[in-house]
Amino acid sequence: MVICAPEASPAPAGQSGEGLLAALDIGGTKIAGAVLDRTGRVLHRVQRPTTGQGPAQQVFRAVGDIVTELAALPQWERVGSLGIASAGPVDIGRGTVSPVNIPGWRGFPVVDRVRALPAAAGLRVTLCGDAVAMTAAEHWIGAARGCRDALCMVVSTGVGAGLVMDGAVRNGPTGNAGHLGHVTVDLLGDPCPCGSRGCVEQLASGPSLVRRALAQGWQPSGQADGPGLAADARAGDASALAAFDAAARALAAAVAAVATLVEIEVAVIGGGVAEAHDVLFPPLRRHLAAYAVLPFAAGVRIERAALRADAGLVGAAFLAADLEPAGIG
Ligand SMILES: [Zn+2]
């Protein structure tokens, strides 16, 4: 891992002894919660599976249960803020979420509902998108630490991203800026559920990779899923390698566009597909060299995300506490 300011101190002195942070990470398959210290260390973590289906109140019950469980911890009285990261789209101004894979929540007022929980009384409660949270986490203590300008991407069942500009996470008026998964890179490509076509997500998400590989003749030697495709690519299967190459090309075009538009030092890539970095990153770097050609964009680096499953919790906690990122060079 290359960081932008290797000499930066781990955290501003004195912060670890002050108040604690709390966070929730709401997705279509699980809801997680945590109490963290002011260096981003997770002190206690709880998680509940959810199908994301059912009426709004039923899905929210899992959120309430997690907050209640966290509030029973002795450290809870030192918690001053609670950050909520949610699958998008989100509206941070209204405090509402409409996660694609939680159909019961459309314009759901998650911030008001969490604030109304007795355990959350008196806490500063804020909302962010899950990719923005990942970006904040990577910028705070991960692979984008110390960077003034960076792109962070989650390549998984979907493709999400967030931007760091001038040393801070920039998420736009509704909190959705950086939604790179739904930028078109194939002008006449497949229709996307978002309504557009040829989106990055249609080429680079895990399910898209598998679907396209199968359509182009991939015969899985094991499971017909992302890890199975990566294993076959490692073994030299031409169809599997071609699928990763197409995904890498889409990601490279997206990274090059961002680098050309706003000048970034690094693109940090995490998520399930990035676990196959050994077969994804070499073609990604090769295609990036072909697309990011202007002198100010040509130097952008590709780095693997440093945080894994806790990135959403860490970033939401950071944003809610309104902390300063350390060591911007
Ligand atoms: Zn789309």
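Just so you know, these numbers use all the heavy atoms, side chains as well, and skip hydrogens, waters and symmetry mates. In listed order, ligands and their atoms are each counted from 1.
In terms of modelled atom types and a separation under 3.5 Å, the side chain of Ser81 and the main chain of Leu21 share no donor-acceptor contact. No donor-acceptor pair under 3.5 Å is formed between the side chain of Arg45 and the backbone N or O of Ala32. Although no hydrogens or angles enter the test, the distance criterion places no donor-acceptor pair under 3.5 Å between the side chain of Glu201 and the main chain of Gly158.
At least one side-chain heavy atom of Leu20 sits less than 4.5 Å from a side-chain heavy atom of Arg78.
A salt bridge links Glu275 with Arg304: the closest approach of a Lys/Arg side-chain nitrogen to an acidic carboxylate oxygen falls below 4.0 angstrom.
Atoms of the protein (N, O or S only) found under 2.8 Å from the Zn ion (ligand 1) are His182 ND1, Cys192 SG, Cys194 SG, Cys199 SG.
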Determine whether Arg48 and Asp65 satisfy the following criterion, side-chain contact (heavy atoms from CB on, under 4.5 Å), listing intermediate values before the conclusion. CA-CA 9 Å; Arg48 299 276 165 96; Asp65 287 349; 3.0 Å; yes
